[in-house]
Amino acid sequence: MEMQVQRMLEDAGYAFVQVEPRLPELRNHCPDFLGWAANADGELVPWVIVEVKQGSNKPPQLALPQLARYRDLLGTVDHYVVIDDEWFRADDGLRSVVRADAPQSPRFGVAGLLADAGLVTSLLTSALWHGVDPRRGTDASILDKAADLVRSATGHGVELAPGEYAQVAPQAMFHAGRRIVAAAIERSRWEPIYTPNPVLVSAMAAFARQKLAGTVVDPFAGLGTLLWAVAEEAVQQGSHITLRGRESVPSVLNAAEAIALSSPVPVRFEMGGDLLGPVATADVIVSLPPLGIRLQSEGAAELLNGESARDSDVAIVDAILRSLNPGGRAVVLVPSSFTFRARGEAYRRFLADNYRVAALIGLEGALLPFASISTVIMVIDDAPAGGTFVAQLAADWEAQLAPGGAALEAALAHIEAPSAGI
């Protein structure tokens with residue numbers, strides 16, 4: 001029976017027919033058959049569901065609630081019940097059925113791309129956890145598996161049926177790749193570090209927006225989260241940029257490189273294990289560096305103002321500014337103590353006299369649950385000294401820095417002001 005149903009769907013023109021597909025949206029239930037086809041926009045989507053029941057004494061109407069549930073979850077269009085070789089097609093409202101000789105052919109054919117990032121993520125998630133106990137903490141091997149899935153889907157498409165691959169639209173792959181990698185790393189010890197708050201990320205990318213041109217670098221790139229946000233800003237602005245990132249954990253670097261395959265702008269990653277190692281020269285530098293590390297005496301950094309420092313927060317900011325091209329901008333997250341501790345006073349004076357410290361925005365809980373440390377978004381331009389936008393945001397900082405938020409708009413108005421001479 002099952003083989004006959006699948007053959008009839010294929011004969012009707014469905015190139016991709018899944019048998020009992022296991023998708024996260026379906027939870028513990030799955031339809032007997034799911035056929036994919038193109039919609040009116042040429043996108044490949046779940047189109048037809050077939051439920052197979054045994055026993056001629058069972059009325060096909062009993063399957064209607066089940067079909068309705070699948071439609072609500074997947075957005076399918078055609079729905080059938082097969083009872084002892086007899087086909088019944090449900091009406092559009094899924095309130096009744098009529099006999100059918102065979103399934104109808106896909107209305108718009110089957111040629112199309114998977115363009116729904118959510119669907120692509122769902123398909124890859126199912127493949128990621130196949131054969132894996134999801135209750136166990138993820139580790140490097142799962143992250144590597146996620147990276148392999150992203151690479152395969154980017155190059156060959158997503159396998160919808162045995163040996164049959166559907167191509168994925170680049171934009172959908174870019175979003176889905178980031179989501180599947182985040183899902184793999186979610187339960188690992190790295191999770192808070194490598195999946196920072198999305199509002200924080202989008203705000204930092206927005207602060208870089210005005211200067212987006214040439215090369216944008218993140219010397220502590222992780223999964224590339226900040227770079228991906230900058231890439232989306234660049235696409236919206238029509239800016240032509242090249243992204244570069246550095247990461248020291250091999251599995252994380254591998255995952256970032258997999259995501260990069262579908263990036264809308266050119267990007268290159270490199271391995272970097274030295275906290276203060278040379279950073280590629282850049283027109284814009286955005287970063288969420290490690291905070292509060294104490295350098296050993298033999299590792300004291302020579303600063304631009306002639307001092308030496310064992311404070312990594314100061315040393316990292318200094319290394320970033322050394323790599324900034326004339327007229328460039330750095331958007332960096334630092335601990336709030338950077339702005340007031342006594343041993344950094346001379347360096348802060350040096351910054352205020354020799355750079356445009358465009359903004360200092362204090363945040364509470366931006367790094368939770370990883371750390372409860374108070375932080376500051378610091379925006380520095382390689383430009384003559386000028387006024388600084390200063391704000392200390394409270395518990396509602398996410399609303400304040402979300403797109404359209406009051407603090408974000410006020411900060412951007414100051415940072416991008418024509419009178420600033422930029």
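Residues L261 and V150 have side chains not in contact (no heavy-atom distance under 4.5 Å, counting atoms from C-beta outward). Side-chain contact check for L114 versus L123: some heavy-atom pair is nearer than 4.5 Å. Residues L64 and V97 are in side-chain contact: their nearest non-hydrogen atoms beyond the backbone lie under 4.5 Å apart. Between V50 and L9, some side-chain heavy-atom pair lies under the 4.5 Å cut-off. For the pair S96 and Q61, the minimum side-chain heavy-atom distance is 4.5 Å or more. Residues D78 and R89 have side chains in contact (heavy-atom distance under 4.5 Å, counting atoms from C-beta outward). At a threshold of 4.5 Å between non-hydrogen side-chain atoms, the residues E270 and R244 count as touching. Between V286 and F207, every side-chain heavy-atom pair lies at or beyond the 4.5 Å cut-off.
Side-chain atoms of T121 come within 3.5 Å of backbone atoms of A117 as a donor-acceptor pair (strictly under, hydrogens ignored). Using a distance-only test at 3.5 Å, with no hydrogens or angles considered, a donor-acceptor pair links the side chain of Q400 to the main chain of A407. A side-chain donor-acceptor contact under 3.5 Å links S263 to the backbone of V265. The main-chain N or O of D85 is never found under 3.5 Å from a side-chain atom of Q4 such that the two would form a donor-acceptor pair. Side-chain atoms of T388 come within 3.5 Å of backbone atoms of V357 as a donor-acceptor pair (strictly under, hydrogens ignored). Of the possible polar contacts, none joining the H79 side chain to the D92 backbone as a donor-acceptor pair under 3.5 Å is found. Judged by distance alone, the side chain of K53 and the main-chain N or O of P59 form no donor-acceptor pair under 3.5 Å.
Shortest non-hydrogen contact noted between V110 and G13 is CG1-O, 3.1 Å. Here the closest heavy-atom approach between residue G245 and residue A221 is recorded as CA-CB, 3.8 Å. Contact between P31 and E51 at its shortest, heavy atoms only, is CA-OE2, 3.1 Å. For the pair Q392 and L363, the tightest heavy-atom approach, listed with the atom from each and the gap, is NE2-N, 3.9 Å. Scanning all heavy atoms of the two residues, the minimum distance from A234 to L212 falls at N-CD1, 3.8 Å. Of all heavy-atom pairs spanning I259 and L223, the tightest one is CD1-O, 4.1 Å.
Only one option out of L333, L360, L288 pairs with I377 in a side chain to side chain contact (heavy atoms under 4.5 Å, CB included); it is L333.
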Report task. Would you check, one step at a time, whether the test side-chain contact (heavy atoms from CB on, under 4.5 Å) holds for L149 with L128? Result -> CA-CA 7 Å; L149 284 170; L128 175 66; 3.8 Å; yes

Requested in this report: Could you please spell out the steps behind the side-chain contact (heavy atoms from CB on, under 4.5 Å) verdict for Q6 and V19?
Outcome: CA-CA 8 Å; Q6 182 173 353; V19 181; 3.6 Å; yes

Report task. Test R356 against R329 for side-chain contact (heavy atoms from CB on, under 4.5 Å), laying out the working first. Result -> CA-CA 9 Å; R356 181 189 181 229; R329 174 172 293 171; 4.1 Å; yes

Query raised in the report: Please walk me through it: do L200 and L401 pass side-chain contact (heavy atoms from CB on, under 4.5 Å)?
Result: CA-CA 7 Å; L200 172 64; L401 287 183; 5.6 Å; no

Query raised in the report: After noting the C-alpha distance and the side-chain angles of D382 and N325, does the key distance pass the side chain to side chain donor-acceptor pair (under 3.5 Å) rule?
Result: CA-CA 8 Å; D382 184 5; N325 287 333; over 6 Å; no

Report task. Test side chain to side chain donor-acceptor pair (under 3.5 Å) on Q236 and R209 and set out the steps. Result -> CA-CA 10 Å; Q236 292 176 8; R209 174 192 304 157; over 6 Å; no

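The distance from atom CD of Q210 to atom CD1 of I415, rounded to the nearest 0.5 Å, is 8.5 Å. Atom OG of S126 sits about 5.5 Å away from atom CG of L23, to the nearest 0.5 Å. With values rounded to the nearest 0.5 angstrom, I285 atom CD1 is found 10.5 Å from I380 atom CD1. Between the CG atom in L226 and the OG atom in S287 there is a gap of 7.0 Å [rounded to 0.5 Å]. One distance of note links CG of D313 with CG of D311; it measures 5.0 Å at 0.5 Å rounding. One finds the CD atom of E233 at 13.0 Å from the CG atom of L227 (value rounded to the nearest 0.5 Å).
Using cut-offs of 30° and 60° on the angle between ring planes, the pair W228 and F269 is perpendicular.
Side-chain polar atoms of Y194 and E247 form a donor-acceptor pair below 3.5 angstrom.
Heavy-atom contacts from other residues, nucleotides or ligands closer than 6.0 Å to CZ of R69 number more than 12. Atom CZ of R322 sits in a crowded spot, with more than 12 heavy atoms from other residues, nucleotides or ligands closer than 6.0 Å.
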Can you list, pair by pair, the side-chain donor-acceptor contacts under 3.5 Å of residues 169-185, counting residues two or more places apart and other chains?
| from | atom 1 | to | atom 2 | distance (Å) |
| --- | --- | --- | --- | --- |
| H175 | NE2 | E232 | OE2 | 3.4 |
| R178 | NH1 | E232 | OE2 | 3.0 |

Considering only distance and modelled atom types, tabulate donor-acceptor pairs under 3.5 Å from the side chains of residues 32-45, sequence neighbours left out.
| from | atom 1 | to | atom 2 | distance (Å) |
| --- | --- | --- | --- | --- |
| D32 | OD2 | V52 | N | 2.7 |
| W36 | NE1 | Q18 | OE1 | 2.7 |
| N39 | OD1 | D41 | N | 2.9 |
| N39 | OD1 | G42 | N | 3.1 |
| N39 | OD1 | E43 | N | 2.9 |

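Remark: D91 does not engage R95 in a salt bridge, criterion side-chain N to carboxylate O under 4.0 Å.
Evaluation of the ring pair (Phe, Tyr, Trp, His ring centres under 6.0 Å) test over residues 86-106, restricted to residues two or more places apart or in two chains, returns Y80-W87.
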